[in-house]
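Notes follow the structure.
Every value quoted in this text rests on a predicted model; they were computed, and no experiment measured them. First the proteins, then the strands, lettered A, B, ... as listed; each starts at 1.
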Amino acid sequence: MERAAPRSATLDAPLFRRRLITWYRSHARELPWRNVSDPYRTWLSEVMLQQTRVAAVVTHYNGFLRRFPTILALALAPEAEVLAMWSGLGYYRRARMLHKAAQFLTQERGGVLPSTAAELRTLPGIGEYTSAAIASIAFGESIAVVDGNVERVLLRLTGRPEQKDAAGRAFVQKQASALVPNRRKGDKTNAAGDHNQAMMELGATICLPHAPLCLQCPVYGMCKTRGEHLTLPRSAQLSRPAAYLLSLRKRGTLTEVLLQLRADDISLMPGMYELPPLPQDAVQGREPLLRLRHAITNTNYYVQVYAASGPQDRGLRRAVPASKSDLHWVLTHRLGSLPLTGLARKALQRLDVMKVDLPKLPAHQP
DNA sequence: GATTCGTGGCT
DNA sequence: TAGCCAAGAAT
């Protein structure tokens, strides 16, 4: 039986940590959830960041906190309002679980987040990654985080091909754990939290999935592959057309828009509002008001929005297959407080029916 | 262990 | 245009 010889000496962990943290201190992006002392804010940012790009989180984070500044405020809010503030971020189960966890903490733990990864892990919506991230970043626990960035960095560093099974995950976990610094008594800085964020920052800004910026990498000299990286094949994308109705009516000086409420018992975005979907054959030969692309998981929807034709909506309005009890006229100025699907929100904003709320820009550093 | 759950920016 | 995939968790 052939036995694989050790391919390389193990990484020089202290050297790696020094190079990484030195780089991080001068290159870290300034993000709204960096350098905060409230663990609730760290929690919120980590949940929002699950499978979601930083830029998308930046547009939602401040607004959500303004509306729900504390765990208590979040716990007391109706779920629909929590979903409304989440609208556009996707994976709405995250918002429901965050809300449930806030209610649990308020009722059972005096509204205080636990400070260890093991305890955090028991809360709804907090898994392996998020528990380690909050524990290290907010509380200084010495525990490694493994997200997509960390996995990619470590696979490239060690030259190991991507492997989705338990052995592959165990390998990455072991590598990550070997690199996290220990907690030191009396240390004012947060070594583990900063190290973890630095690993992710490296993956997000230098060790990119395609065309990594190896010449700017602080640990280039310790890297086995320097960019080459075997990955598994991804599932194919689909393309599908989709059509929706825009129907407006005046109420004095105000305007109402017709929305459809998605059923509570469907798996995809239950209990959320969208523009009424139209059958494809109802819109043949018509000219849409708006065309846009909208991706849901592995499907690209080529969406067209059509205006109801006559003043009484006699045209397309009747082609809406939904039952009347699912259709609701909503004042346009109330749209911001409704749980809209991301697509509905995007379409209503582009059609100038709904106001675009600009994210607060971070202070500019000259 | 495999599936399901959204979205948008980049190329 | 169409493919890629990101600071994952729950079931």
Side-chain angles (χ1 to χ4, degrees), chain A residues 28-29 31-34 42-61 83 86-98 100-101 120-138 144-153 162-169 176 193 195-205 207-211 229 231-240 262 266-270 272 274 291-303 339-347 349-350:
Chain A
R29 293 168 292 178
L31 299 171
W33 49 89
R34 292 253 166 95
T42 303
W43 175 25
L44 176 65
S45 70
E46 290 302 338
V47 173
M48 282 189 169
L49 284 162
Q50 290 167 7
Q51 294 288 285
T52 305
R53 294 179 190 283
V54 164
V57 175
V58 167
T59 65
H60 284 76
Y61 176 81
L83 290 172
W86 205 271
S87 173
L89 267 183
Y91 288 127
Y92 297 97
R93 193 168 49 187
R94 292 182 297 175
R96 299 180 206 265
M97 290 187 296
L98 181 74
K100 282 203 167 27
L120 288 161
R121 180 69 181 79
T122 68
L123 296 171
I126 298 187
E128 286 305 319
Y129 162 78
T130 306
S131 59
I134 299 171
S136 64
I137 295 168
V145 304
V146 177
D147 75 331
N149 292 125
V150 173
E151 179 182 4
R152 185 174 58 256
V153 167
E162 185 179 21
Q163 189 186 350
K164 283 296 177 198
D165 61 12
R169 283 197 303 279
H195 170 88
N196 282 335
Q197 293 190 80
M199 287 291 285
M200 296 190 279
E201 190 82 357
L202 186 68
T205 64
C207 197
L208 304 168
H210 300 295
H229 178 215
T231 59
L232 273 22
R234 311 307 195 221
S235 60
Q237 298 284 112
L238 305 174
S239 294
R240 293 212 336 201
R262 296 173 65 85
I266 56 178
S267 62
L268 187 67
M269 298 181 279
M272 301 188 71
E274 62 184 344
R291 300 172 204 270
L292 52 86
R293 192 182 81 146
H294 190 72
I296 301 288
T297 63
N298 68 334
T299 304
N300 284 322
Y301 290 94
Y302 289 88
V303 175
L340 299 173
T341 67
L343 172 55
R345 158 183 277 253
K346 184 164 66 175
Q349 289 180 340
R350 293 210 192 162

Has the side chain of A/T52 got a donor or acceptor atom sitting under 3.5 Å from an opposite partner on the base of B/dG6?
yes
Which is true for A/A295 with a 4.0 Å heavy-atom rule: it touches a base, it touches only sugar-phosphate, or it touches nothing?
base
Take the protein atom CZ of A/R96 and the nucleotide atom P of B/dG6, then report the distance between them rounded to whole Å.
8 Å
Distance between P atoms of B/dT4 and C/dA7 (Å, rounded):
24 Å
Hey, does A/M269 reach any base, or is it just sugar-phosphate, or nothing, if we go heavy atoms under 4.0 Å?
sugar-phosphate
So what does A/R169 hit on the nucleic acid, given a heavy-atom distance under 4.0 Å: a base, only sugar-phosphate, or nothing?
sugar-phosphate
Let's see if you can work this out: which of B/dC5, C/dG3, C/dA7 has an atom nearest to the side-chain heavy atoms of A/S267?
B/dC5
Do A/Y129 side-chain and C/dG8 base share a donor-acceptor contact under 3.5 Å?
no
Quick one: label A/Y302 by what it contacts on the DNA or RNA (base, sugar-phosphate, nothing), any heavy atom closer than 4.0 Å.
base
At under 4.0 Å between heavy atoms, what does A/R34 touch on the DNA or RNA strands: base, sugar-phosphate, or nothing?
base
Have a look at A/W86 and say if it touches a base, only the backbone sugar-phosphate, or nothing, with a 4.0 Å heavy-atom cut-off.
nothing
Just to be sure I understand the rule, does A/G88 reach a base, reach only the sugar-phosphate, or reach nothing, if contact means heavy atoms closer than 4.0 Å?
sugar-phosphate
N/O donor-acceptor pair under 3.5 Å between A/R94 side chain and A/M48 backbone:
yes
Roughly how many Å apart are B/dG6 and C/dT11, using the P atom of each and rounding to a whole number?
14 Å
Below 4.0 angstrom, N of the basic side chain to O of the carboxylate: do A/R34 and A/E201 qualify?
yes
Sugar-phosphate, base or nothing in reach of A/L31, heavy atoms under 4.0 Å
base
Check every strand shown and say whether A/R94 touches a base, only sugar-phosphate, or nothing at a heavy-atom separation below 4.0 Å.
nothing
Just to be sure I understand the rule, does A/K346 reach a base, reach only the sugar-phosphate, or reach nothing, if contact means heavy atoms closer than 4.0 Å?
sugar-phosphate
Which is true for A/R29 with a 4.0 Å heavy-atom rule: it touches a base, it touches only sugar-phosphate, or it touches nothing?
base
Describe the nucleic acid contact of A/Q197 in one word from base, sugar-phosphate, nothing, applying a heavy-atom distance below 4.0 Å.
nothing
Tell me what A/A55 touches on the nucleic acid: a base, only sugar-phosphate, or nothing, going by heavy atoms under 4.0 Å.
nothing
Is it the case that the side chains of A/T341 and A/R262 hold a donor-acceptor pair, with the cut-off being a distance below 3.5 Å and no angle test?
no
Which nucleotide sits closest to the side chain of A/R93: C/dA7, B/dC5, B/dG8?
B/dC5
Between A/Y92 and A/A166, which is nearer to the 5' end of DNA chain B once each is assigned its nearest nucleotide?
A/A166
Within the structure shown, what part of the strands sits under 4.0 Å from A/T130 by heavy-atom distance: base, sugar-phosphate, or nothing?
sugar-phosphate
Specify the residue among A/S239 and A/W33 whose closest nucleotide of DNA chain C lies further upstream toward the 5′ end.
A/S239
